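Remember, predicted model here, so these are calculated numbers, not experimental data. Values reported hereafter were calculated over all heavy atoms of this structure, with side chains retained and with hydrogens, waters and symmetry mates removed.
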Amino acid sequence: MEIDRLDGRKANQLRPLACSRNILNRAHGSASWTQGDTKVLVAVYGPKAGTKKNENPEKACIEVIWKPKSGQIGKLEREYEMIVKRTLQSICILNINPNTTTSVIVQVINDDGALLPCAINAACAALVDAGIPLKHLAVAICCCLADSGYIILDPTKLEEQSMKAYAYLVFPNSILSVRPEGSLKVQGEPREHGVITSGTQGAMSVDDYLNCLERGRAATAKMSTVLRRNLQPQIASELSKAG
Amino acid sequence: MGLPDAPGDLSSEVDVDAFRRLFPLRFYERHLTESIRPDGRPLGRARDTTIALGAVASAEGSALAKIGSTTMLAAIKMEVMTPSMDSPDEGCIAIDFHMPPICSPIVRPGRPAEIAPVVSKQLSDTISSSGMINLKELSLVSGKAAWMAYLDIYCLDADGALFDAALLSAVAAFSHLQIPAVSLNDDGKIVVVSEENGGKLEKDAVNKERMKLTLKSIPFSLTCVLHKNYILADPTAEEESIMETVVTVVLDSSSQLVSLYKPGGPVLAYTSAIQDCVALTRQRMKELQKILDEANSGMEVD
């Protein structure tokens, strides 16, 4: 049942991840996130005073501006903006800076599949870099489903187009806990198993979707350790500088 | 949502309406513990749904769908176009979702609603993912002419579950759609055969009579709001704004999952909650299928 992938990866194998932070001088926080040939650059400005119309001024407001690699923004980009915005809202602590707006600018540098998950990962790292208070991190993954019901992770653009269906999923990162029982449990499931954001393209059976969830959870657990390792040393050195 | 929740004692002192405005979340939570919603529905029940077919006389297919007071008017205009080189024997569907200022107090004139392009994109994704319409059926002459179906959906009243109502109206409009009869004239152009001179051109007719599309695996959707452990089916606009986590499940008639859409939100969806939402959608699908069948059989009698 193994599927040969064009780039020789195994089904569960992700493309090489790379994340660098604090790469833009003027932005309050910035990060670039690379998954194989997909690369996204995110800048965070804020919190700035005041909220936009139709936003609740008693909470911090997040605005997301999506810049495609080329061309004007269309419906697809609007949808991405909305999904990234709602996802970031759910991980930020919005009560800390009420009546402020934080702008998150997402610049696509290259799209080779799994673009939205890549953008969410990048935005999350940029928010950390900007020092925006977060409840936890979000880790995003794209699962692709072949006709035979076989699931591959982190597809390239070509795989995305040739497969029957794909789902992008965002989970909270796993928490390091000093308590012996480990992470918090909600309804008998560890907290990091809850879905923050989900979107699908193409028809699949419900069981296939649940399989995708399971694979996604396993992969994001690994990704969150990568993310954590990437974020921690810089924080430590910044602290020592400040101290 | 706004003010911090006050101690419960206040609820016995203030007027119900004042309490609802001041502490909307608490107001809802008090209902939820009794397994009822302020409008008298149990948690898992959707609002009354109606479909009226043929609401727009000038369009080839149209429908007015109402879920509670959320109202959507969908109309399809057919036009002949030259198909693209990549798919010479396929027609095309263009979907647009409009939210004019009359639909909701938060939509202002001159400024398009933020959510409108998102719903529009979701609709075209869902309709293409479900494979409801065989685009080959929209072909007239391979490589030369095909149908372009312009589906426009107008939101007349936005009271929550916009996507559900929009999808229902779109599906109903497609089931009502009658493709006009066309024929090839001497210049090799496609002309629409009008009712009167229909017989004259018959030998060149490309499709001889008005025909209907065969719809396979019709998608039906249900939006649920998650709050703590509660799942509220088919939320109103008030419920959507107070409890912000929305999950939309789309299943088609062969029980395939066409879309599971959850754009963020403070509540995390665990496997059990997802399965509950899917189960609620299965139930709702049967209701909607029945309503659609009734609307269609009503048209045939006329």
Side-chain angles (χ1 to χ4, degrees), chain A residues 52-54 56-59 62 73-91 94-95 120 135-136 138 164-165 167 169-172 185-210 212-214 217, chain B residues 1-4 95-97 105-108 111-126 128-131 217 219 229 241 244-252 254-275 278-279 281-282:
Chain A
K52 289 206 295 185
K53 223 171 191 157
N54 289 337
N56 181 5
E58 290 176 27
K59 285 188 178 176
I62 292 174
I73 84 164
K75 283 178 192 166
L76 179 70
E77 285 77 17
R78 293 249 180 247
E79 192 191 20
Y80 284 169
E81 278 182 358
M82 200 271 295
I83 292 171
V84 176
K85 178 182 160 178
R86 299 244 185 120
T87 305
L88 295 181
Q89 270 177 338
S90 68
I91 62 165
L94 299 171
N95 299 326
I120 291 172
K135 285 185 253 180
H136 49 79
K164 176 171 87 158
L169 304 163
V170 185
F171 297 97
K185 296 242 176 185
V186 185
Q187 294 168 27
E189 282 189 90
R191 202 194 52 116
E192 62 261 29
H193 280 193
V195 181
I196 302 179
T197 296
S198 153
T200 62
Q201 182 87 43
M204 60 178 110
S205 70
V206 177
D207 289 337
D208 282 337
Y209 179 78
L210 295 176
C212 279
L213 281 185
E214 228 160 82
R217 279 169 189 150
Chain B
M1 183 170 70
L3 294 163
I95 299 171
D96 220 347
F97 178 74
I106 54 169
V107 184
R108 299 185 62 85
R111 207 182 297 178
E114 250 178 33
I115 195 79
V118 179
V119 175
S120 181
K121 176 76 181 31
Q122 250 184 298
L123 277 171
S124 34
D125 280 353
T126 306
S128 68
S129 295
S130 69
S217 60
N229 292 336
S241 68
E244 293 161 339
T245 315
V246 178
V247 180
T248 301
V249 182
V250 185
L251 291 173
D252 69 11
S254 52
S255 255
Q256 288 270 302
L257 183 76
V258 177
S259 158
L260 199 146
Y261 189 72
K262 177 182 186 287
V267 180
L268 302 174
Y270 293 94
T271 313
S272 58
I274 290 173
Q275 278 165 333
V278 171
T281 312
R282 284 220 173 89

Would you call A:Glu81 and A:Ile73 a side-chain contact if the rule is heavy atoms closer than 4.5 Å?
yes

Quick check: do B:Gln256 and B:Leu251 have side-chain heavy atoms less than 4.5 Å from each other?
no

Which bit of [X] is near chain B, if near means a heavy-atom gap under 4.5 Å: side chain, backbone, both or neither?
X: A:Pro172; result: side chain
X: A:Gln201; result: both
X: A:Ile196; result: both
X: A:Met82; result: side chain

Heavy-atom pair count under 4.5 Å with chain A, highest-scoring of B:Ser255, B:Ser259, B:Ser217, B:Pro266:
B:Ser259

Return the option, out of A:Thr87, A:Val170, A:Val206, with the maximum number of heavy-atom pairs under 4.5 Å with chain B.
A:Val206

Top of A:Val195, A:Leu76, A:Leu94 for chain B proximity - count of heavy-atom pairs under 4.5 angstrom
A:Val195

Applying side-chain contact (heavy atoms from CB on, under 4.5 Å), can you list everything that pairs with B:Thr271, at least two apart in sequence or on another chain?
A:Glu189, A:Leu210, A:Arg217, B:Gln275

Sorted by chain and residue number, the side-chain contact (heavy atoms from CB on, under 4.5 Å) partners of A:Lys164 (sequence neighbours excluded) come out as A:Leu145, A:Asp147, A:Asp208

Derivation and outcome, side chain to side chain contact (heavy atoms under 4.5 Å, CB included), residues B:Ile274 and B:Lys262
CA-CA 10 Å; B:Ile274 290 173; B:Lys262 177 182 186 287; over 6 Å; no

Please check if any side-chain donor atom of B:Thr126 sits under 3.5 Å from a side-chain acceptor atom of B:Tyr261, or the reverse.
no

